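For reference, the structure is listed below as C-alpha cells.
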Amino acid sequence: MLSMELFRNEAGKIRADHDKRGIPHDKIDQVIDLDKQWRTALKEMEESRRERNIAAREIADAKKSGDKERSDRILAQVKDLGDRISSLDEKADQLLAQRDSLRMRIPNLLHESVPVGEDEAGNTQHSLHGEKPNFDFEPRTHNELIEMNKWVDLERAAKIAGSRFFFLKGDLARLEMALQTYSVDFLLARGFTFVQPPVMMNRQAYEGVTDLSDFETVMYGITPDPLYMIATSEHPLTAMYMDEVIEPSQLPIKMVGVSPCFRREVGAHGLSDRGIWRVHQFTKIEQIVISHPDDSWGHHEELLQNCVDLWDELGLHYEVVNICTGDMGTVAARKYDLEAWLPGANAFKEIVSCSNCTDYQANRLRMRYRTSGGNAAVHTLNSTAVATSRALVAIMEQNQTEDGRVKVPDCLVSFMGGKTHLEPCNW
RNA sequence: GCGGAGAUCGCAUAGCCUGGUAUUGCGGUGGACUUGAAAUCCACUGUCCCUCGGACACGGGAGUUCGAAUCUCUCUCUCCGCGCCA
C-alpha cells in the first residue's frame with residue numbers, strides 16, 4: 001500500500017508509474033477524492049466531539065461545585081449530541097474504508113530501472129550463468145526420469161489428495177532434504193538466521209503481505225477456522241513484525257525460512273504443468289530481509305548475489321531476468337527471476353524470484369522503525385533460495401546420464417552420505 | 001475442553017474496587033553545562049486532521065452514560081492449575 005502522503009503531495013509520481021505499467025489513473029483520482037471527503041467528514045465529526053467534551057467538563061465542574069441547576073441545563077443542551085456524533089462517525093469510517101480498499105489495489109511504485117514491457121516477453125536478460133549441458137544422447141524430460149526411476153508417485157497422491165500432489169520417494173526424496181540442508185547452511189554462513197514459521201495465518205496479517213486477489217486464486221482457506229495456508233514462508237516471516245516499532249539498531253533483520261508452501265493454482269493446466277513442476281504443495285527455502293529504507297536496494301543486490309552463488313555451486317545453467325513493468329505484479333518495486341535451463345523443454349523456466357517490496361508491505365502491516373523525527377516504515381525484501389521441487393527438476397534434467405540416472409551436484413554429495421548418483425527406487 | 005488471573009505509549013509501571021484531562025521510571029531525540037565525556041538539569045518522545053488548535057488512543061468490537069482505562073456484554077491472545085495429547 002502506498003503512503004497517503006504520496007497521493008496528497010506527489011500524485012504525479014503515481015500517475016507516471018501507472019503510465020509505465022499501462023493502467024488507467026481512475027483509481028488514483030478516486031483515492032484522492034475520497035481522502036478529501038473523509039477529511040471534511042472527520043473535521044465535522046471532531047468538532048461535534050469537541051462540543052461534547054467541553055460540555056462534559058462543564059458538567060463535571062458544576063457537579064463539583066454543587067450547582068445542580070447548571071449541570072441539568074447543560075445536560076439538556078447536549079442530549080442529542082451522541083446520536084449526531086455516531087452518525088458522523090459512521091460516515092467518516094465508511095469514507096476511510098472506501099479510500100483504503102481502493103488504495104490496497106493500487107500497485108507499488110516501480111524502480112526507475114524496471115524495463116517497460118506489456119508482458120513476460122518484455123523481460124530482459126540480466127546475466128547468464130553456467131554452461132549449457134551438451135548431451136551425446138537424446139535427453140529425457142523430468143517426467144520420463146521420475147517415471148522410469150519410480151521417484152515420484154503422482155497417481156497414488158491423486159487418489160488420496162487430488163491432482164498436483166505427489167509422493168517423493170527414495171533417492172530423490174533424500175536429495176530434496178539435502179537441498180534444504182545445503183541451502184540453510186549456505187545462508188547461515190552469510191549471516192542469516194534460520195526461522196521456521198507457522199504455515200497458517202489469519203486474514204488480517206495475510207492482507208498485509210499479498211495482493212488481495214490471491215485470496216481467490218492462490219491461498220487455501222481452512223474451514224471452519226478463519227485461517228489460510230501460507231503460499232510461501234515470505235508471508236509469515238514478513239508479517240512477523242506486524243504492528244511493531246523496531247529499534248534501528250536491530251536492522252537489518254535477515255532470515256532464512258523453510259516451509260511447505262500451499263497453492264491452489266486455480267486456472268493452471270496443460271502439458272507443461274505435468275509432473276512436479278507446478279504443484280499444490282512444495283518446500284521452499286526463502287531469504288527475507290527487513291531493512292532500513294536507505295539500504296534496501298543494496299540488500300536486493302545482495303539477495304540476488306546469494307542466489308547466484310548458491311546456484312553456481314549447484315553447477316546448473318540458468319539466466320537472471322529483469323522483470324518488466326507488465327509482468328511485475330502488485331507488491332514488488334523491482335524483481336529478478338532466475339530461470340533454469342530445462343533441456344527437456346528446450347527453454348529457461350522460473351526457479352527463483354527475488355523482490356524488493358520497499359515500504360509497500362510495511363505500510364499495510366504498520367511495521368516501522370524509530371527515527372529522531374518519528375516512526376517510519378521499514379522496507380521488506382524476499383527472495384527464493386531454492387524451491388525444492390523445481391530445483392529437483394532442473395537437476396534431473398541437466399545432470400541426467402544416458403542410462404537415465406542422475407548425477408548428484410558435488411556440493412550435495414556430503415549431504416547424501418557420499419552418494420554421487422541417484423539410484424532408481426525399486427517399488 | 002474446564003477453572004482462575006491478566007493485556008495500559010518502544011520497554012516497564014500507576015490508575016480500575018468508588019466513572020470526570022493517562023501516572024511515573026527506563027530507553028530515545030534535541031538543548032544547557034563541559035576542552036571532550038560522564039553526571040546533572042530542561043524540553044520533546046503513540047496515531048490522525050492539522051493553523052493556533054482539536055480529535056482519537058489503555059488487546060479488538062459492541063453497550064450503558066452528558067462523560068468509560070474504570071461499569072456491562074462479546075471476541076482474541078497471554079499466564080497459572082486440571083484434562084487430553086505427538
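Treat the numbers as computed from the prediction; the structure is a model and nothing was measured. Residue numbering restarts at 1 for every chain, and letters A, B, ... go by the order of the sequence lines. The figures that follow rest on heavy atoms only: side chains count, while hydrogens, waters and symmetry mates do not.
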**Report entry** Toward the 5' end of RNA chain B, by each residue's nearest nucleotide, A:Thr371 or A:Ala56
**Finding:** A:Ala56
Query raised in the report: Would a 4.5 Å heavy-atom cut-off, applied to side chains only, mark A:Arg405 and A:Gln400 as touching?
Result: no
Query - Protein-nucleotide distance (A:Ile85, atom CD1; B:rU65, atom C1'), rounded to Å - result: 13 Å
Requested in this report: Calculate the interatomic distance between A:Met242 atom CE and B:rC77 atom C1'; express it in whole Å.
Outcome: 12 Å
Query raised in the report: Mind checking the P distance from B:rG19 to B:rG30? Whole angstroms is fine.
Result: 45 Å
Query raised in the report: Any luck finding a side-chain donor-acceptor pair between A:Asn382 and A:Gln287 under 3.5 Å?
Result: no
Report task. Considering only atom C1', compute the distance from B:rA32 to B:rA39 and round it to an integer number of Å. Result -> 14 Å
Query raised in the report: A:Ile246 has an atom CD1; how far is it from atom P of B:rC11, in whole Å?
Result: 12 Å
Query raised in the report: Taking 4.0 angstrom as the limit, do A:Glu302 and A:Lys254 come out as a salt bridge?
Result: yes
Report task. Figure out the CD/C1' separation between A:Glu90 and B:rA62, and round it to whole Å. Result -> 13 Å
Report task. State which residue, out of A:Asp211, A:Asn108, A:Thr210, fulfils the side chain to side chain donor-acceptor pair (under 3.5 Å) condition with A:Thr330. Result -> A:Asp211
Requested in this report: May I ask you to check whether A:His379 and A:Trp297 place their ring centres under 6.0 Å from each other?
Outcome: no
Could you go through nucleotides 70-72 of chain B and list every protein N or O atom that sits under 3.5 Å from one of its N or O atoms, giving the distance for each pair?
none

**Report entry** Of A:Tyr206, A:Tyr228, A:Phe262, the residue whose pairing with A:His235 passes ring-ring contact (aromatic ring centres under 6.0 Å, His included)
**Finding:** A:Tyr206
Query raised in the report: Is there a Watson-Crick or G-U wobble partner for B:rA12 with both distances under 3.5 Å, and which nucleotide is it?
Result: B:rU24
**Report entry** Separation of the C1' atoms in B:rU8 and B:rA69, to the nearest angstrom
**Finding:** 7 Å
Requested in this report: Summarise protein proximity over nucleotides 47-56 of chain B in one line of letters, 5' to 3': B for base, S for sugar-phosphate only, - for none, counting protein heavy atoms closer than 4.0 Å.
Outcome: SSSS---BSS
Query raised in the report: How are the rings of A:Tyr369 and A:His292 set relative to one another: parallel (under 30°), tilted (30 to 60°) or perpendicular (over 60°)?
Result: tilted
Requested in this report: Using the C1' atom as the reference point in each nucleotide, state the distance between B:rG25 and B:rU35 in Å, no decimals.
Outcome: 33 Å
Query raised in the report: Considering Watson-Crick and G-U wobble pairs with both distances under 3.5 Å, what does B:rC85 pair with?
Result: none
Report summary line: As its Watson-Crick or G-U partner within any shown strand, both distances under 3.5 Å, B:rA5 has B:rU78
Query - Spacing between A:Ile74 atom CD1 and B:rG20 atom P, to the nearest angstrom - result: 18 Å
Query raised in the report: When the P atoms of B:rG36 and B:rG31 are considered, how many whole Å apart are they?
Result: 13 Å
Report task. Tell me, yes or no, whether the heavy-atom count around A:Glu244 atom CD, taken from other residues, nucleotides or ligands under 6.0 Å, exceeds 12. Result -> yes
Query raised in the report: Toward the 5' end of RNA chain B, which comes first, A:Ala55 or A:Val245, by nearest nucleotide?
Result: A:Val245
Query - Distance between C1' atoms of B:rG27 and B:rG46 (Å, rounded) - result: 16 Å
Query raised in the report: Considering only the C1' atoms, how many Å lie between B:rG10 and B:rU64, rounded to the nearest integer?
Result: 35 Å
**Report entry** Euclidean distance for C1', B:rG20 against B:rG1 (whole angstrom)
**Finding:** 43 Å
Query raised in the report: For B:rC71, what is the paired nucleotide under Watson-Crick or G-U wobble rules, both distances under 3.5 Å?
Result: B:rG63
Requested in this report: Would you indicate whether A:Arg366, at its atom CZ, is surrounded by more than 12 heavy atoms from other residues, nucleotides or ligands within a distance under 6.0 Å?
Outcome: yes
Query raised in the report: Is A:Lys91 positioned over the aromatic face of A:Trp38, cation under 6.0 angstrom from the ring centre and no more than 45 degrees off axis?
Result: no
Query raised in the report: Nearest-Å distance, CZ (A:Arg370) to P (B:rC9)?
Result: 12 Å
Report task. Quick one: look up who B:rU40 pairs with, Watson-Crick or G-U, both distances under 3.5 Å, and put none if it's unpaired. Result -> B:rA32
Report summary line: Here the distance between atom C1' of B:rG67 and atom CG of A:Leu75, to the nearest Å, is 10 Å
Query raised in the report: So, A:Asp33 and A:Arg99, do they make that salt bridge, N to O below 4.0 Å?
Result: no
Report task. Return the value, rounded to whole Å, for the distance between atom CG of A:Asp243 and atom P of B:rG60. Result -> 11 Å
